[in-house]
Amino acid sequence: MELPSKYNPAEVESKWYQYWLQHNMFHSTPDEREPYTIVIPPPNVTGVLHMGHILNNTIQDILIRRARMLGKNACWVPGTDHASIATEAKIVEKLKNEGIKKTDIGREAFIEHAWEWTHKHGGIILEQLKKLGASCDWDRTCFTMDDVRSESVLKVFIDLFEKGLIYRGVRMINWDPKAQTALSDEEVIYKEVQSKLYYLRYKVQGEDRYATIATTRPETILGDTAVCINPKDESKAWLRGKKVLVPLIDRPVPIIEDEYVDIEFGTGCLKVTPAHDVNDYMLGEKYRLESIDIFNNDGTLNKHGAMYAGMDRFEVRSKIEKDLKAAGLLEKIEDYTNKVGYSERTDEAIEPKLSMQWFLKMSDLAKPALEAVEKDEIKLIPPKYKNTYRYWMENVKDWCISRQLWWGHRIPAYYLPEGGFVVASTPEEALEKANALRMKNVCPCGCSGLKPLKPEDLRQDEDCLDTWFSSWLWPISVFDGINEPDNKDINYYYPTNDLVTAPDILFFWVARMIISGFEYRKEACFKNVYLTGIVRDKLGRKMSKSLGNSPDPIELMDKYGADGVRMGMMLAAPAGNDVLFDEALCEQGRNFNNKIWNAYRLISGWKVDPKLDQPKASALAVEWFEARLGKTLAEMDDLFDKYRLSEAMMCVYKLFWDEFSSWFLEIIKPAYQQPIDSITHKAVFGFFEQLCLLLHPFMPFITEELWQHLEQREPGESLMLQQQRKPTAYNQVILDKFELVKAVVSGIRTIRLEKNLPVKTALALEIQGEHDASFDSLIVKMGNISSITQVSAKASDAASFLVNTTEYSLLLGALIDTEEERKKMNNELQYQEGFLQSILKKLNNPNFISRAPEAVIEAERKKMADAKNKIQAIKDSLDSLESNK
RNA sequence: GAUUCGUUAGCUCAGUUGGUUCAGAGCACUUGCUUGACAGGCAAGGGGUCGGUGGUUCAAGUCCACUACGAAUCACCA
């Protein structure tokens with residue numbers, strides 16, 4: 001059957017993915033083999049595939065497929081995460097378009113909408129991963145809000161609460177007025193913005209003097225409860241003990257003194273708004289100042305905003321500027337650059353706000369997690385992230401885990417009518433605990449008249465938990481290790497081996513997973529964390545919707561094949577560096593597929609003649625390629641150990657293209673329409689199979705297709721289940737000798753090109769100097785050489801080149817251009833003499849002779865001798881040119 | 001502002017404990033190639049003072065100091 005000259009991936013890829021699925025080949029169950037486990041970084045359940053996912057999942061698939069081929073029981077657990085804020089925002093938006101307000105329909109109906117949305121859009125991204133070839137164990141697909149995971153989250157919450165690690169309290173938190181929820185510190189991104197510094201005049205109470213303060217947020221003056229100066233600032237001494245009036249509303253506030261105030265900055269006079277600034281909050285605590293919250297949850301001003309009540313905070317800023325100016329209380333405005341926090345999810349400016357939230361105490365939990373990374377029990381790749389990790393862990397702050405959202409795990413805290421609360425996994429249990437709690441402090445005889453509570457008397461906390469509070473359990477919860485801590489799966493698959501993720505969630509997710517791993521399994525949750533770069537375009541810009549510089553991965557796969565895209569991605573992806581993605585790389589991937597395809601077309605067309613003897617050249621080539629394969633095997637093993645996947649791929653890329661196709665196949669290729677001997681034929685098919693094995697983790701589809709072509713396979717057989725050869729010793733001597741052959745053939749080709757000699761014209765080769773004739777059959781075939789003769793003097797009509805110290809000459813007869821030859825040789829002579837001089841300089845240096853190690857000196861002496869030999873050889877050649885003039 | 005990392009060919013990157021002809025790879029580029037695997041190809045080439053300055057050393061892309069530029073993380077003064 002004739003194969004097309006161009007490889008068409010579309011049909012092949014879906015065929016084999018179906019085949020793998022049908023035979024359940026991705027599925028893993030515990031057995032006696034060594035496990036190899038990866039848990040997927042769960043993408044947003046309603047998300048779609050982007051280039052970052054391609055990078056991340058290609059790497060995971062390479063690792064998992066390789067592990068499988070190394071005989072391990074490989075298990076890659078897929079799943080998605082509920083992405084509380086992002087998903088809730090989408091649903092709110094959708095409902096808004098239908099004219100429905102979240103608050104009108106209530107919690108239950110809203111959650112129903114959310115589930116509906118999740119079922120409709122959820123899992124699209126997992127289907128897209130299948131197109132990429134991801135060999136996940138789909139039977140194990142998890143969702144952070146499915147029953148097992150939800151139960152795990154609640155269990156952990158209750159456990160940590162009972163250990164006293166979770167507490168509830170009023171703190172200054174990051175408020176997102178758009179999503180209307182609290183955020184953790186990690187979810188705030190500080191951006192530099194051009195803003196203004198307003199100089200405002202506060203009248204001193206009872207005097208006709210003013211204190212001038214500088215602020216970037218004039219709208220917050222309505223929440224001022226003090227003005228602070230530095231006690232060392234003599235120029236402000238006159239303000240001590242006085243009161244000033246907040247502009248426009250003339251509310252008197254005290255002057256306080258604290259060294260926190262920078263005398264040099266602004267006016268050296270700071271307005272204090274404890275409810276809306278983290279630093280002011282600390283001052284407020286210290287001096288027991290009143291705290292006036294002037295904002296509603298949506299960022300508009302409340303009744304404390306006086307005449308601005310109901311207006312948005314940014315509107316108020318421009319309005320109040322005008323009003324202050326009109327009142328003569330605005331001294332000046334300066335341009336000013338400062339950093340403002342924005343919500344990672346909604347990009348809304350964060351409002352620091354005092355609020356009652358749930359927190360997890362981190363400092364003790366962080367200790368084993370820090371130690372594990374410090375001691376390389378968990379390795380970060382590349383290791384530069386260790387520093388970053390250490391710094392965060394050593395300065396870790398308590399984690400605000402409550403979110404004012406509905407889509408997520410509802411906090412299992414239940415409030416009693418008379419105050420206080422209990423934490424319990426079900427309302428029934430909560431009722432029991434609540435009753436026990438209120439009875440504890442009263443006389444057991446019932447004389448207090450307290451009646452037991454009814455279920456409706458308890459009110460469950462309205463808030464839900466941060467999404468990361470469920471994903472931090474992921475490596476445990478996907479194996480149900482929280483609910484069933486001693487089950488077969490968790491005991492077998494945990495700890496997992498490698499985690500592949502982006503460095504921007506090192507703290508959000510990776511660090512917290514490590515923490516929960518130690519808390520709940522007393523063991524690291526993975527051994528290695530491979531941190532990928534961020535995918536950027538070829539100009540180094542982040543891929544974004546607004547720039548429109550992100551290609552659609554699905555279209556890319558349609559265009560270049562999944563194998564081509566996988567390879568394109570890996571070509572650009574050394575570990576730890578940002579990935580500058582260029583579609584041209586996918587083209588390179590596709591071209592490589594085509595190369596593989598055509599190599600197969602070539603060998604598959606050969607007819608075998610069992611009576612034919614194996615040519616000498618073929619026998620040598622087989623012996624050489626066997627060694628060459630062994631070398632690559634060892635190299636790839638080493639590169640995989642170091643997680644240098646791009647280099648490992650390049651290694652096998654060059655093996656296939658340069659060594660196998662350009663050298664091996666060209667040597668053994670029979671003349672047109674001639675048959676091949678059976679020994680060589682068998683060897684080339686064996687090699688091709690080995691190459692498929694090595695290439696498979698990178699390009700699973702084309703390799704499976706060709707492997708199935710190599711011979712008749714049984715149903716259910718697959719390349720992906722074959723075992724990779726273990727690296728063994730290989731013949732280095734033949735590799736070195738073959739490199740010399742290549743150099744000779746290359747030299748012949750260069751002369752042919754220079755002299756315009758067609759490849760078809762056979763040439764006679766003469767050799768002066770050391771030469772191993774056992775490889776001559778290769779030189780004859782690859783250089784189209786008619787005869788090889790060892791001579792003592794170079795012929796006058798020959799063009800020559802040097803390989804090491806041996807001179808190879810092609811007899812050209814009348815075609816020789818003596819003048820040109822002489823010029824070439826003189827250039828070479830000059831170079832060699834210069835080189836010799838540099839070596840002599842070293843050897844004549846007494847310091848070098850006395851201080852350098854013997855081996856180094858010996859090497860220099862060898863170089864000197866070689867250079868001298870070469871110089872002599874060139875001089876001899878020049879002489880022979882002269883004598884034949 | 002602090003800390004960390006980086007700067008090597010036109011581009012993206014390797015380069016281990018300082019020492020072999022060590023200055024490398026892929027892509028891009030140049031030249032030649034029409035029958036027989038593949039032009040999505042074959043063959044052969046050109047291309048870098050290793051960011052800069054100084055130091056240590058017999059010897060520096062590699063170690064040290066300073067400096068310029070870039071990136072990341074953290075912290076921020078209103």
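Note on naming: letters A, B, ... go to the chains in the order of the sequence lines (proteins, then strands), and numbering restarts at 1 for each one. Hydrogens, waters and symmetry mates play no part in the numbers below; they use all other heavy atoms, side chains included.
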If we take the C1' atom in both B:A75 and B:C66, what is their distance in whole Å? 26 Å
Short N-O contact, A:Glu659 and A:Lys742, less than 4.0 angstrom: yes
B:C76, B:C74, B:A44: which one has an atom nearest the side-chain heavy atoms of A:Tyr391? B:C74
Looking only at side chains, do A:Tyr287 and A:Asp258 share a donor and an acceptor under 3.5 Å apart? yes
Indicate, with a heavy-atom threshold strictly under 4.0 Å, whether A:Phe507 touches base, sugar-phosphate, or nothing. sugar-phosphate
A:Thr388 side-chain N/O to B:U3 phosphate OP1/OP2 under 4.0 Å: no
Report which part of the nucleic acid A:Leu580 touches: base, sugar-phosphate, or nothing (heavy-atom distance under 4.0 Å, all strands). sugar-phosphate
For B:G45, does OP1 or OP2 lie under 4.0 Å from any side-chain N or O of A:Thr750? yes
Whom does B:G45 pair with, Watson-Crick or G-U wobble, provided both distances fall under 3.5 Å? B:C29
Let me know the distance between CG of A:Asp277 and P of B:C76, rounded to the nearest Å. 10 Å
Please confirm whether A:Lys332 makes a cation-pi placement over A:Tyr199, using NZ or CZ under 6.0 Å from the six-membered ring centre and within 45° of the ring normal. yes
Rounded to whole angstroms, how far apart are NZ on A:Lys386 and C1' on B:U3? 17 Å
Which part of the nucleic acid, if any, lies within reach of A:Gln832 when heavy atoms closer than 4.0 Å are counted: base, sugar-phosphate only, or nothing? base
Distance only, no hydrogens: is a donor on one side chain within 3.5 Å (strictly under) of an acceptor on the other, for A:Asp233 and A:Ser235? yes
Under 4.0 Å: is that the gap between some side-chain N or O of A:Lys842 and OP1 or OP2 of B:U20? no
Between A:Tyr600 and A:Phe688, is the ring centre distance below 6.0 Å? yes
If we take the C1' atom in both B:A65 and B:U57, what is their distance in whole Å? 16 Å
Please determine whether a side-chain nitrogen or oxygen atom of A:Arg601 lies at a distance below 4.0 Å from atom OP1 or OP2 of B:G41. no
Hey, does A:Lys654 reach any base, or is it just sugar-phosphate, or nothing, if we go heavy atoms under 4.0 Å? sugar-phosphate
Touch check for A:Asn845, heavy atoms < 4.0 angstrom, all strands: base, sugar-phosphate only, or nothing? sugar-phosphate
Students often get this wrong, so: under 4.0 angstrom with heavy atoms, is A:Lys870 touching a base, only sugar-phosphate, or nothing? base
If you assign each of A:Glu587 and A:Asp504 to its closest nucleotide in RNA chain B, which residue comes earlier from the 5' end? A:Glu587
Does this structure show an ion pair linking A:Arg217 with A:Glu351, if we count only N-O contacts that are shorter than 4.0 Å? yes
Nearest to the side chain of A:Met650, which nucleotide is it out of B:G26, B:C38, B:A78? B:G26
Is A:Glu666 side chain donor-acceptor paired with the B:A43 base, going by distance under 3.5 Å alone? no
Given 3.5 Å as the limit, does a donor-acceptor pair link the side chain of A:Asn174 with the main chain of A:Ile350, or not? no
If only side-chain N and O atoms of A:Ser746 are considered, is one of them under 4.0 Å from the OP1 or OP2 phosphate oxygen of B:A44? yes
Sorted by position of nearest nucleotide on RNA chain B, 5' first, the leading residue of A:Tyr672 and A:Gly268 is A:Tyr672
What's the closest nucleotide to the side chain of A:Lys339 if the choices are B:C76, B:A78, B:C38? B:C76
Would you kindly give the CG-to-C1' distance between A:Asn387 and B:U4, to the nearest whole Å? 6 Å
Does the side chain of A:Trp657 get closer than 4.0 angstrom to OP1 or OP2 of B:C42 through an N or O atom? yes
Do any side-chain nitrogens or oxygens of A:Lys595 fall under 4.0 Å of OP1 or OP2 in B:A37? no
With rounding to the closest Å, how many angstrom separate the P atoms on B:A9 and B:G51? 8 Å
Out of B:G19, B:G26, B:A78, whichever nucleotide has its closest atom nearest the side chain of A:Thr215: B:A78
Indicate whether OP1 or OP2 belonging to B:C76 is found under 4.0 Å from a side-chain N or O atom of A:Tyr260. no
Rounded distance in Å - CD (A:Glu187) to P (B:U73): 16 Å
My understanding is that a pair needs two contacts under 3.5 Å, Watson-Crick or G-U wobble. By that rule, which nucleotide pairs with B:G61? none
Need one value for A:Ser662: base, sugar-phosphate or nothing, where a base atom within 4.0 Å counts as base even if backbone is also close, heavy atoms only. sugar-phosphate
For B:U73, does OP1 or OP2 lie under 4.0 Å from any side-chain N or O of A:Lys384? no
Whole-Å gap separating C1' (B:C13) and CE (A:Met569): 16 Å
Answer for the Watson-Crick or wobble partner of B:A14, both distances under 3.5 Å, is none
Look at the side-chain N and O atoms of A:Arg590 and state whether any lies under 4.0 Å from the OP1 or OP2 oxygen of B:G40. no
Tell me what A:Pro503 touches on the nucleic acid: a base, only sugar-phosphate, or nothing, going by heavy atoms under 4.0 Å. nothing
Atom-pair distance (CZ on A:Phe835; C1' on B:U20), nearest Å: 9 Å
Base, sugar-phosphate, or nothing: which does A:Lys538 touch, judged by heavy atoms less than 4.0 Å apart? nothing
Pick base, sugar-phosphate or nothing for A:Asn338, based on heavy-atom distances below 4.0 Å to the nucleic acid. sugar-phosphate
In Watson-Crick or G-U wobble terms, both distances under 3.5 Å, what is the partner of B:U20? none
Think A:Arg628 forms a cation-pi with A:Trp657, using NZ or CZ under 6.0 Å from the six-ring centre and within 45 degrees of its axis? no
Integer-rounded Å distance: B:A25 P and A:Glu659 CD: 13 Å
Distance check, C1' atoms only: B:U7 and B:U62, in whole angstrom units. 15 Å
B:A14 and B:G26, which share atom name P, separated by this distance in whole Å: 16 Å
Starting from C1' on B:G45, measure out to CZ on A:Arg752 and report it in whole angstrom. 18 Å
Aromatic contact, A:Phe660 with A:Phe656 (centres under 6.0 Å): yes
